[in-house]
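Keep in mind that this is a model prediction, so the values were computed, not measured. The first residue in the sequence is number 1, and the count goes up from there.
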Amino acid sequence: MRTVTLLFSCLLVCATGFAQQPSELLTRAKQEATRLANIQRDWGPKLNSPGVGISLKEMGRQKTDKGTAVRYRIFATGFPPDGTYSLNTLDLNLNASTALEGITLDKSGLAICAGRPGTCSSGAPDDPIDLEILAARGEPKRFGFVSQDGTTKAFISVIPFPIVGTDHGCSAEAILLLAH
């Protein structure tokens with residue numbers, strides 16, 4: 001909650017720079033800031049179907065020519081073990097897309113590409129799915145894990161490179177809501 005409050009406060013401070021503009025512009029800026037902050041705040045367990053969840057486990061970091069890539073594995077709980085799932089993303093511009101279809105789960109809940117008909121395939125059967133993420137500092141990466149029939153869903157947001165400040169036992173985190 002502190003993160004959303006701090007972020008919203010920072011956006012309002014920035015928005016007051018537009019005070020010379022008509023009050024309608026300032027009102028719209030405040031409404032948009034609130035809408036974007038609410039999307040980020042609510043993206044996660046609040047949106048999950050009852051009894052399910054997903055988590056990401058960081059597996060490592062690697063320098064690339066485009067920056068540092070962070071590698072995660074996906075773990076699901078509460079999903080039917082014989083189901084087929086898709087991984088969806090929501091970027092900063094609120095564009096939704098499907099990153100991968102035909103995902104299955106092993107007995108531990110690890111998301112894998114089984115390599116069977118109707119499932120995703122990779123280098124080897126039952127290969128774990130590794131997400132390689134590039135992100136700016138403070139940029140959230142949002143994922144949805146959805147059953148093939150669309151009835152069971154879980155959501156998660158991760159910030160690979162958080163911007164956190166601490167002082168006297170208090171901390172604050174800045175989260176990007178817009179590109180640039």
Side-chain angles (χ1 to χ4, degrees), residues 1-58 61 64 66-78 85-101 103 111 129 131-147 150-167 169-180:
M1 188 62 178
R2 275 186 284 181
T3 301
V4 172
T5 304
L6 175 66
L7 180 60
F8 186 71
S9 299
C10 292
L11 287 170
L12 287 179
V13 169
C14 293
T16 56
F18 295 107
Q20 295 83 5
Q21 302 296 326
S23 63
E24 181 181 317
L25 180 61
L26 182 58
T27 300
R28 283 189 311 194
K30 288 178 183 179
Q31 289 170 341
E32 184 64 7
T34 300
R35 184 178 78 84
L36 292 171
N38 287 339
I39 289 169
Q40 178 57 34
R41 182 196 66 216
D42 293 341
W43 193 268
K46 283 184 176 182
L47 299 174
N48 291 0
S49 298
V52 301
I54 59 170
S55 61
L56 299 177
K57 180 179 179 186
E58 185 174 325
R61 293 173 181 242
T64 71
K66 295 181 181 179
T68 301
V70 183
R71 189 167 41 97
Y72 294 95
R73 289 215 170 136
I74 307 164
F75 289 85
T77 56
Y85 306 95
S86 64
L87 182 68
N88 302 309
T89 63
L90 184 70
D91 67 16
L92 279 177
N93 295 324
L94 303 181
N95 297 315
S97 63
T98 301
L100 184 61
E101 294 179 320
I103 300 168
I129 295 168
L131 298 175
E132 300 251 341
I133 298 175
L134 293 169
R137 290 189 68 226
E139 180 182 0
K141 295 295 185 174
R142 301 179 192 108
F143 299 96
F145 195 75
V146 183
S147 63
T151 60
T152 309
K153 305 171 185 178
F155 301 89
I156 193 166
S157 176
V158 63
I159 302 172
F161 305 101
I163 302 170
V164 179
T166 58
D167 187 28
C170 295
S171 66
E173 180 176 5
I175 299 173
L176 294 179
L177 295 179
L178 295 170
H180 311 294

Chemist: Can you tell me how far apart CD (Gln40) and CD1 (Ile175) are? Round to the nearest 0.5 Å.
Modeler: 5.0 Å
Chemist: Is there side-chain contact between Arg142 and Leu94, with at least one heavy-atom pair below 4.5 Å?
Modeler: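 Yes. Closest side-chain heavy atoms under 4.5 Å.
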Chemist: Looking at OG of Ser157 and CD1 of Ile39, how far apart are the two atoms once the value is rounded to the nearest 0.5 Å?
Modeler: 11.5 Å
Chemist: Would you name the heavy atoms of Ser86 and Ile103 that are closest together and state the gap between them?
Modeler: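 Residues Ser86 and Ile103, closest heavy atoms: C-CD1, 4.1 Å.
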Chemist: Decide yes or no for Leu56 and Ile74: does some side-chain heavy atom of the first lie under 4.5 Å from some side-chain heavy atom of the second?
Modeler: yes
Chemist: Could you go step by step and tell me if Val70 and Phe161 meet the side chain to side chain contact (heavy atoms under 4.5 Å, CB included) rule?
Modeler: CA-CA 9 Å; Val70 183; Phe161 305 101; 3.5 Å; yes
Chemist: Identify the heavy atoms of Gly44 and Asn48 that sit nearest to each other, and give their distance.
Modeler: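 Taking Gly44 first and Asn48 second, the nearest heavy atoms are O-OD1, 3.3 Å.
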Chemist: Checking Val158 against Phe143 for the side chain to side chain contact (heavy atoms under 4.5 Å, CB included) test, could you report, in this order, the C-alpha distance in whole Å, the side-chain angles of both residues, the deciding distance, and whether it holds?
Modeler: CA-CA 8 Å; Val158 63; Phe143 299 96; 4.1 Å; yes
Chemist: Can you name the nearest heavy-atom pair linking Pro140 to Leu176, along with the distance?
Modeler: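 In terms of heavy atoms, the two residues are closest at CD-O, 3.3 Å.
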Chemist: With side chain to side chain contact (heavy atoms under 4.5 Å, CB included) as the test, would you mind laying out the steps for Ile54 and Tyr85 before giving the verdict?
Modeler: CA-CA 12 Å; Ile54 59 170; Tyr85 306 95; over 6 Å; no
Chemist: When you measure from the side chain of Asp91 to the backbone N and O of Asn93, does any donor-acceptor pair fall under 3.5 Å?
Modeler: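 Yes; judged by distance alone, with no hydrogens or angles, the pair exists.
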Chemist: Could you pull out the closest heavy-atom pair between Val164 and Ser171, with the gap in Å?
Modeler: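 Distance-wise, the nearest heavy atoms are CG1-CB, 4.3 Å.
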Chemist: If we ignore hydrogens and angles and just use 3.5 Å, is the side chain of Ser49 paired with the main-chain N or O of Lys153 as donor and acceptor?
Modeler: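 Yes: the side chain of Ser49 pairs with the backbone of Lys153.
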Chemist: Would you give the length of the straight line joining atom CG of Leu131 to atom NZ of Lys141, rounded to the nearest 0.5 angstrom?
Modeler: 11.0 Å
Chemist: If you measure from OG1 on Thr68 to CZ on Arg61, what distance do you get to the nearest 0.5 Å?
Modeler: 7.5 Å
Chemist: Of the non-hydrogen atoms in Ala154 and Val52, which two are nearest, and what is the gap between them?
Modeler: CB-CG2, 4.2 Å
Chemist: For residues Pro162 and Glu173, report the shortest heavy-atom separation together with the two atoms involved.
Modeler: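 For Pro162 versus Glu173, the nearest heavy atoms are CB-OE2, 3.8 Å.
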Chemist: Taking only residues two or more places apart in sequence, or in another chain, which ones meet Arg28 in a side chain to side chain donor-acceptor pair (under 3.5 Å)?
Modeler: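 Partners of Arg28 under the side chain to side chain donor-acceptor pair (under 3.5 Å) test: none.
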Chemist: Check whether the side chains of Arg41 and Asn38 place a donor and an acceptor atom closer than 3.5 Å, and report yes or no.
Modeler: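 The answer is yes; a qualifying pair exists.
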Chemist: To the nearest 0.5 Å, tell me how far Leu87 CG sits from Thr98 OG1.
Modeler: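 Here the interatomic distance stands at 8.5 Å.
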